Amino acid sequence: MRNNITLAEWLKQARIDVNTFRPDETSSSLHAILEHRTGKSRAWLLANPQFPLEEPLLSSLDFDLQELKSGKPLAYILGTWDFYGLSFCVSPDVLIPRPETELLVETALQVLAEKKNARWIADVGTGCACIATAIAFLRPDIHVLACDLSFSALKVAQTNVQRYILEGRIHLLQCDLLNAVEVRFDLICANLPYIPSSALQKLPELRCEPAMALDGGEDGLQLFRKLLSQAKAHLADHSCILLEMQFDQADALRQEAGLHFPQAEIIIKRDLAGHDRLLIIRT
Ligand SMILES: C[S@@+](CC[C@H](N)C(=O)[O-])C[C@H]1O[C@@H](n2cnc3c(N)ncnc32)[C@H](O)[C@@H]1O
């Protein structure tokens, strides 16, 4: 067993052990692990390279290092991840919230700002409830029905809803899209699985996340079609649907949306990387 190695020595050895082609990312991940395990800020860690690492802290750090080396995503190692300025509990039962999904939240908040009487929104495929929580946290007048087919994802969602004391306004439900739901919504938000099944098999970097959160069927649009066919019965007058999509799905999804909502205004929004990312249907 190693004894009393310093923080700088542990970091130096860990960087060698992980040995990736992305040294900056590795360094940032190792600092995040150190912050998480020591409870100290990054500034403190940088200012105290001679800090001695003792047991049981050292064993915890070594354990996390092994996990990182094995390819486990940092979010699952830390058990928490930031989204829209809030911190969310995550586990391998849920998708890790992505920065591009912040566009959906930002747009939802804009839509709600225009609709003064809006009260009910749906977050379909809520996962860890990052979308539902971010919106409900910033809009105290809004109720969210946050549904998911995965019971284990809903357990993670519940932790996050409780963390922000939103149990009174975020209503978690296990169901298949909006099946069995009777509410009419002013806004339906959905970040559904949209990666075509065959493409998913070629993306080893996603192997640790639930297939159920990623796999969109043969062409990636399977769940969109199903939700669009259900949505009309669940919309209030002059309402809106926001669907996150893969960068190359805009034309196909616009066409699908047009079949179900021929009178609606359909808009595509791009993310910060310039990729088509969000389909907006205004009925
Ligand atoms: C891409 S993840 C999005 C998670 C979260 N909303 C986010 O943006 O990080 C899709 C979610 O949809 C859920 N899901 C998959 N099929 C579903 C279905 N038929 N009905 C409801 N939810 C479903 C998955 O369990 C997963 O949590």
Side-chain angles (χ1 to χ4, degrees), residues 73 75-76 79-109 121-137 144-161 164 166 170-181 183 185 187-197 199-200 203 205-218 220-231 234 241-247 249 253 269 271 277-279:
Y76 293 153
T80 155
W81 204 243
D82 288 353
F83 176 82
Y84 218 80
L86 301 174
S87 170
F88 289 92
C89 292
V90 292
S91 80
D93 288 322
V94 294
L95 187 91
I96 300 163
R98 302 294 202 271
E100 53 268 33
T101 304
E102 296 188 340
L103 176 67
L104 191 156
V105 173
E106 187 185 292
T107 309
L109 292 168
I121 72 168
D123 173 22
V124 186
T126 196
C128 72
C130 56
I131 296 172
T133 302
I135 296 173
F137 186 79
V144 189
L145 181 85
C147 54
D148 206 292
L149 195 53
S150 159
F151 184 68
S152 46
L154 285 169
K155 285 205 278 188
V156 178
Q158 188 176 30
T159 309
N160 288 316
V161 171
Y164 290 99
L166 291 168
I170 298 183
H171 312 272
L172 297 170
L173 183 69
Q174 185 181 22
C175 62
D176 185 358
L177 302 176
L178 290 174
N179 222 359
V181 174
V183 185
F185 301 99
L187 172 65
I188 296 177
C189 303
N191 177 17
L192 292 170
Y194 52 63
I195 304 179
S197 308
L200 186 58
L203 295 169
E205 65 273 27
L206 299 178
R207 73 181 188 285
C208 295
E209 294 179 85
M212 191 177 166
L214 297 163
D215 191 338
E218 195 177 341
L221 302 177
Q222 193 173 296
L223 285 155
F224 291 126
R225 283 192 197 94
K226 203 167 156 188
L227 179 62
L228 285 168
S229 67
Q230 292 180 352
H234 295 287
I241 305 176
L242 303 179
L243 300 175
E244 181 172 320
M245 66 185 154
Q246 187 170 268
F247 66 94
Q249 292 172 334
L253 197 51
K269 254 193 177 181
D271 61 21
R277 184 62 61 196
L278 191 67
L279 186 97

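What you see is a predicted model, and the numbers here were worked out from it, not measured in a lab. Numbers here simply count residues along the sequence, with the first being 1. Side chains are part of it too, since the values below use all heavy atoms of this structure and drop only hydrogens, waters and symmetry mates. Whatever order the structure lists them in is the order used to number ligands and atoms, beginning at 1.
- Other residues, nucleotides and ligands contribute only 12 or fewer heavy atoms inside 6.0 Å of the CD atom of Glu218.
- Checked against salt bridge (charged side-chain N to carboxylate O under 4.0 Å, His left out), Asp82 has no partners two or more places apart in sequence or in another chain.
- Considering only residues two or more places apart in sequence or on other chains, Glu244 meets the side-chain hydrogen bond (donor to acceptor under 3.5 Å, both in side chains) condition with Thr101, Tyr194.
- A side-chain N or O of Asp215 and one of Ser197 form a donor-acceptor pair less than 3.5 Å apart.
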Would you tabulate the polar-atom pairs, meaning N/O of ligand 1 against N/O of the protein, with distances under 3.5 Å, reported to 0.1 Å?
from, atom 1, to, atom 2, distance (Å)
ligand 1, 6 (N), Gly125, O, 2.8
ligand 1, 6 (N), Thr126, O, 3.2
ligand 1, 8 (O), Asn191, ND2, 2.8
ligand 1, 19 (N), Asp176, OD1, 2.8
ligand 1, 20 (N), Leu177, N, 2.8
ligand 1, 22 (N), Leu149, N, 3.2
ligand 1, 25 (O), Asp148, OD1, 2.7
ligand 1, 27 (O), Asp148, OD2, 2.6

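- Below 30°, between 30° and 60°, or above 60°: for Phe88 and Tyr164 the angle between ring planes is between 30° and 60°, a tilted geometry.
- Qualifying side-chain contact (heavy atoms from CB on, under 4.5 Å) partners for His234, counting only residues two or more places apart in sequence or in other chains: Leu178, Val181, Phe185, Ile188, Gln230.
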